[in-house]
Amino acid sequence: KINALICHTLQSPKLEGRNLVFADIALKYVCGILKADLDLLRKHGRIEILGLEQKYYAQIAGRRFKGYIDRIDRFEDGMVRVVDYKTGNDRQDTLNPELGPEESVKRIFVSDIRKYKAALQFHIYDRMVESRPEFKACRIFNSMYSISDLFTREVEVFPMDAENSAAIDLKLESLLDEIENPSVPFTMTKLDPKTVCQYCDYAVICGRATK
């Protein structure tokens, strides 16, 4: 089935060369996702897919955001999940809300940005989902299907925390206000340039590329 879909996408009658390797990787990844879903089915009952790669909008921190959410589903026990697939080094424990609002804000906006960027992404997705009328009475949960974790640990389900979300909204609004304020000059980041500047489109403008 997977090979047939890949052939259809590539408009090729068969898989050859490195595409065979890519197909094998895709097969293992899909099997890992299906196994994770089966484990969750045993815990939460029948699953219903509510959306795949759908476009959503939301007003967040006084701005209009748009995003494409990989997957939204609902289990028999009423749990609605926002699901995102990650092929990089993102780890699902970055979504754990148990550390509280202060630590959540610190991790997203002060600590290693690359490590916690997924937490901000899920926050924005949660806001998009909860703003929809069909989800008003639902409790929203988050799950990350990360290739870094998929074959070594169970896929976890983290509840959206209202207190954490409110604190993140405030910090995000403050940050966006600062970015849009013409009286606040742009400055070089104090973070390690090897981690945050390598692929930045503005490295030349800020002068970092010449350092």
Side-chain angles (χ1 to χ4, degrees), residues 29 32-33 36-37 40 49-74 79-132 134-135 138-150 153-180 189 191-192 195-202:
Y29 196 21
I33 291 172
D37 282 350
L40 289 166
I49 304 297
L50 303 177
L52 296 171
E53 280 291 337
Q54 287 190 351
K55 180 166 58 178
Y56 289 87
Y57 296 92
Q59 287 292 128
I60 308 169
R63 281 84 175 174
R64 190 168 188 253
F65 282 74
K66 178 182 76 173
Y68 293 85
I69 301 178
D70 285 349
R71 168 175 158 187
I72 299 176
D73 57 32
R74 177 168 51 211
M79 180 176 69
V80 173
R81 283 195 316 159
V82 174
V83 175
D84 197 68
Y85 304 109
K86 296 293 186 186
T87 56
N89 294 321
D90 296 281
R91 305 301 296 265
Q92 57 180 328
D93 52 13
T94 60
L95 306 180
N96 194 335
E98 293 182 355
L99 295 177
E102 184 176 343
E103 185 62 25
S104 294
V105 168
K106 180 181 177 182
R107 291 199 299 176
I108 292 174
F109 296 98
V110 181
S111 299
D112 186 339
I113 295 172
R114 293 194 307 170
K115 184 176 179 180
Y116 296 105
K117 67 182 186 298
L120 179 59
Q121 179 185 4
F122 269 92
H123 168 74
I124 292 172
Y125 284 171
D126 290 344
R127 286 293 192 230
M128 291 175 174
V129 171
E130 68 174 358
S131 67
R132 296 285 290 257
E134 62 266 36
F135 299 118
C138 300
R139 183 112 189 267
I140 309 299
F141 293 79
N142 296 317
S143 283
M144 181 194 298
Y145 286 64
S146 171
I147 201 167
S148 300
D149 292 333
L150 194 59
R153 57 187 289 189
E154 293 183 357
V155 170
E156 297 188 61
V157 180
F158 298 101
M160 188 188 83
D161 185 273
E163 193 175 1
N164 285 6
S165 294
I168 293 170
D169 274 348
L170 286 174
K171 179 62 179 177
L172 180 59
E173 183 171 14
S174 173
L175 178 61
L176 293 174
D177 286 342
E178 179 183 325
I179 291 172
E180 294 173 354
T189 179
L191 298 174
D192 182 3
T195 61
V196 298
C197 301
Q198 186 177 4
Y199 301 107
C200 178
D201 293 331
Y202 306 99

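We count residues from 1, following the sequence as given.
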Heavy-atom count around [X] [atom1] within 6.0 Å, excluding the residue itself: above 12?
X	atom1	result
Q54	CD	yes
K106	NZ	no
E53	CD	yes

Exercise: identify the closest heavy-atom pair between [X] and [Y]:
X	Y	answer
P97	P159	CG-O, 3.6 Å
D84	F122	CB-CZ, 3.4 Å
R71	I33	NH1-CG2, 4.4 Å
G67	M128	N-CE, 3.3 Å
V157	L40	CG2-CD2, 3.8 Å

Which residues pass the side-chain contact (heavy atoms from CB on, under 4.5 Å) test with [X], not counting sequence neighbours?
X	result
Q59	R64
E102	none
L50	E48, I72, R74, F135

Could you grab the distance from atom [atom1] of [X] to atom [atom2] of [Y], nearest 0.5 Å is fine?
X	Y	atom1	atom2	answer
R139	F141	CZ	CZ	4.5 Å
E156	N96	CD	CG	7.0 Å
M79	I140	CE	CD1	11.0 Å
L170	S165	CG	OG	11.0 Å
F109	L120	CZ	CG	5.0 Å
I69	Q121	CD1	CD	9.5 Å

Q: Report the C-alpha distance between Y145 and D37 in whole Å, list the side-chain angles of each, state the deciding distance to 0.1 Å, and finish with yes or no for side chain to side chain contact (heavy atoms under 4.5 Å, CB included).
A: CA-CA 10 Å; Y145 286 64; D37 282 350; 2.5 Å; yes
Q.
One pair to check against side chain to side chain contact (heavy atoms under 4.5 Å, CB included): M160 and V82. What are the steps and the verdict?
A. CA-CA 10 Å; M160 188 188 83; V82 174; over 6 Å; no
Q.
Can you confirm whether Y29 sits close enough to Y85 that some side-chain heavy atom of one is under 4.5 Å from a side-chain heavy atom of the other?
A.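 Yes; the side chains approach each other to less than 4.5 Å.
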**Q.** Any R127 side-chain heavy atom under 4.5 Å of I168 side chain
**A.**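 Sidechains of I168 and R127: no contact.
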**Q.** Member of N164, D161, N142, D169 meeting the side chain to side chain donor-acceptor pair (under 3.5 Å) criterion with H123
**A.**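 By the side chain to side chain donor-acceptor pair (under 3.5 Å) criterion, H123 pairs with just one of N164, D161, N142, D169: D169.
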Q. Does the side chain to side chain contact (heavy atoms under 4.5 Å, CB included) test come out yes or no for M144 and R91, once each step is laid out?
A. CA-CA 8 Å; M144 181 194 298; R91 305 301 296 265; 5.8 Å; no
Q) Would you find a donor on one side and an acceptor on the other, under 3.5 Å apart, between the side chain of T94 and the backbone of A119? A)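 Side chain of T94 to backbone of A119, a donor-acceptor pair under 3.5 Å: no, none is there.
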Q. Given the rule in the side chain to side chain contact (heavy atoms under 4.5 Å, CB included) test, do S143 and Q92 qualify, once you have shown the distances and angles that lead to the verdict?
A. CA-CA 7 Å; S143 283; Q92 57 180 328; over 6 Å; no
(Q) Checking side-chain polar atoms at under 3.5 Å, does D70 have a donor or acceptor matched by the opposite partner on Y125? (A)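 Y125 and D70 do not have a side-chain donor-acceptor pair below 3.5 Å.
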